[in-house]
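Note that these values count all heavy atoms, side chains included, but never hydrogens, waters or copies made by symmetry. Reminder, nothing fancy here: chain letters follow the sequence lines and each chain counts from 1.
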Amino acid sequence: SFSWNIIMGVYIQKGLLQEARELFERMPNKTVVSWNAMIAAYAQHAQLGVALELFRLMPHRDAFSWNVLISGYVQQGELKEAIHIYNQMPQHDVVSATTIIGALAQAGDLKEAAKIFEKMNQRDVVTWTAMVVGYAKHGNLTEALQLFQQMPFRDMIAWNAMISGYAQQGHLEKALELFWQMPNQDVVSWNAIISGYSQQGQLNEALQFFEQMQWKGFNPDKVTFVSLVDACAKRTALAEGKAVHFQIIESGLGSD
RNA sequence: UCCUUGGUUGGGAGC
């Protein structure tokens, strides 16, 4: 049954829902994972009705089943309905709570997000990061930083989230301070700074950082280049734009 | 212990 699920997963990944469904129907030994995967596929492809129908039909539901459905409603922007399902869930786990926290935070309802956050008995690094991002994206960097500092454990995504928060609000000095403070950077960290400069219209700083990232052996990606092109366009910096364009071709990302 | 759910970086298009 593992192998059936894996093949079904390939269909789903390619967006072949009909094929996945046919396989699902023909599977002699459907497990809860098969059901969950099928429900997730429909939920992510804006077919919540079908997802819900399968959810109701399935013989045994686990936490994944609930979470898959909840995140489907969140992804389709149906926060109210997502919360409604969340409230019907027999036992919330860290994923379901984090999904709702993330959705509330994104919608700007940080009070409600914080309420759930505080009520949770276990939070993990994902939960903390969702809160940090929520505050940062809504301009409350003080609260974001406070939570960030209170985190029991910080992974690279958490660092990047905090850095991006500062960068997006134009606080590049603070962003840089954290950038150099973090244990290791990845391409996302570099991009966060570069796009921050780009959004501020600080093309020279962005280009300087771009060079530096390459000295340090990081490969720029599509996001890096889009940020730079954007910065060049803002300043109508034709020469710089051409230089960046040349590097895009050189990097093999020209067709993206 | 393998298949299904939640957090971080960009311009545009779509929902």
Only pairs at least two apart or in different chains count here, so list each ring pair (Phe, Tyr, Trp, His ring centres under 6.0 Å) that has a residue in [range].
| range | answer |
| --- | --- |
| residues 215-251 of chain A | A:W190-A:F218, A:F210-A:F225 |
| residues 79-123 of chain A | A:Y86-A:H92, A:F117-A:W128 |
| residues 1-27 of chain A | A:F24-A:W35 |

Value in whole Å for how far the [atom2] atom of [N] lies from [atom1] of [X]:
| X | N | atom1 | atom2 | answer |
| --- | --- | --- | --- | --- |
| A:L228 | B:U9 | CG | P | 17 Å |
| A:L172 | B:U9 | CG | C1' | 13 Å |
| A:L23 | B:C3 | CG | C1' | 13 Å |
| A:M38 | B:C3 | CE | C1' | 14 Å |
| A:Q169 | B:U9 | CD | P | 12 Å |
| A:F24 | B:U4 | CZ | P | 15 Å |
| A:N5 | B:U1 | CG | C1' | 14 Å |
| A:M182 | B:U9 | CE | P | 13 Å |

Is the shortest side-chain N to carboxylate O distance from A:R56 to A:E53 below 4.0 Å? no
Between A:R21 and A:E25, does any NZ, NE, NH1 or NH2 come within less than 4.0 Å of an OD or OE carboxylate oxygen? yes
side-chain hydrogen bond (donor to acceptor under 3.5 Å, both in side chains) involving A:Q122 - partner list, sequence neighbours excluded: none
Using Watson-Crick pairs (N1 to N3, plus N6-O4 or O6-N4) and G-U wobble pairs, both distances under 3.5 Å, which stems of at least 3 pairs involve RNA chain B? none
Would you give me the side-chain donor-acceptor pairs under 3.5 Å for residues 231-238 of chain A, sequence neighbours excluded?
| from | atom 1 | to | atom 2 | distance (Å) |
| --- | --- | --- | --- | --- |
| A:K234 | NZ | A:S198 | O | 3.4 |
| A:K234 | NZ | A:D230 | OD2 | 3.3 |
| A:R235 | NH1 | A:G201 | O | 3.0 |

Could you pull out the protein-nucleic contacts involving nucleotides 5-7 of chain B (nitrogen or oxygen on both sides, under 3.5 Å)?
| from | atom 1 | to | atom 2 | distance (Å) |
| --- | --- | --- | --- | --- |
| B:U5 | O2 | A:N67 | ND2 | 2.7 |
| B:G6 | O4' | A:T99 | OG1 | 3.2 |
| B:G6 | N1 | A:D124 | OD2 | 3.0 |
| B:G6 | N2 | A:T98 | OG1 | 2.9 |
| B:G6 | N2 | A:D124 | OD1 | 2.8 |
| B:G6 | N2 | A:D124 | OD2 | 3.2 |
| B:G6 | N2 | A:T127 | OG1 | 3.4 |
| B:G7 | N1 | A:D155 | OD2 | 3.0 |
| B:G7 | N2 | A:T129 | OG1 | 2.8 |
| B:G7 | N2 | A:D155 | OD1 | 2.9 |
| B:G7 | N2 | A:D155 | OD2 | 3.2 |
| B:G7 | N3 | A:T129 | OG1 | 3.4 |

Contacts of [X] that satisfy side chain to side chain contact (heavy atoms under 4.5 Å, CB included) - sequence neighbours left out:
| X | value |
| --- | --- |
| A:Q181 | A:W159, A:E177, A:L178 |
| A:D155 | A:V125, A:F153, A:I157, A:A158 |
| A:L145 | A:F148, A:Q149, A:M162, A:Y166 |
| A:V10 | A:K14 |

Indicate for each nucleotide in nucleotides 10-15 of chain B, in 5' to 3' sequence, whether protein heavy atoms under 4.0 Å reach the base (B), only the sugar-phosphate (S), or nothing (-). BB----
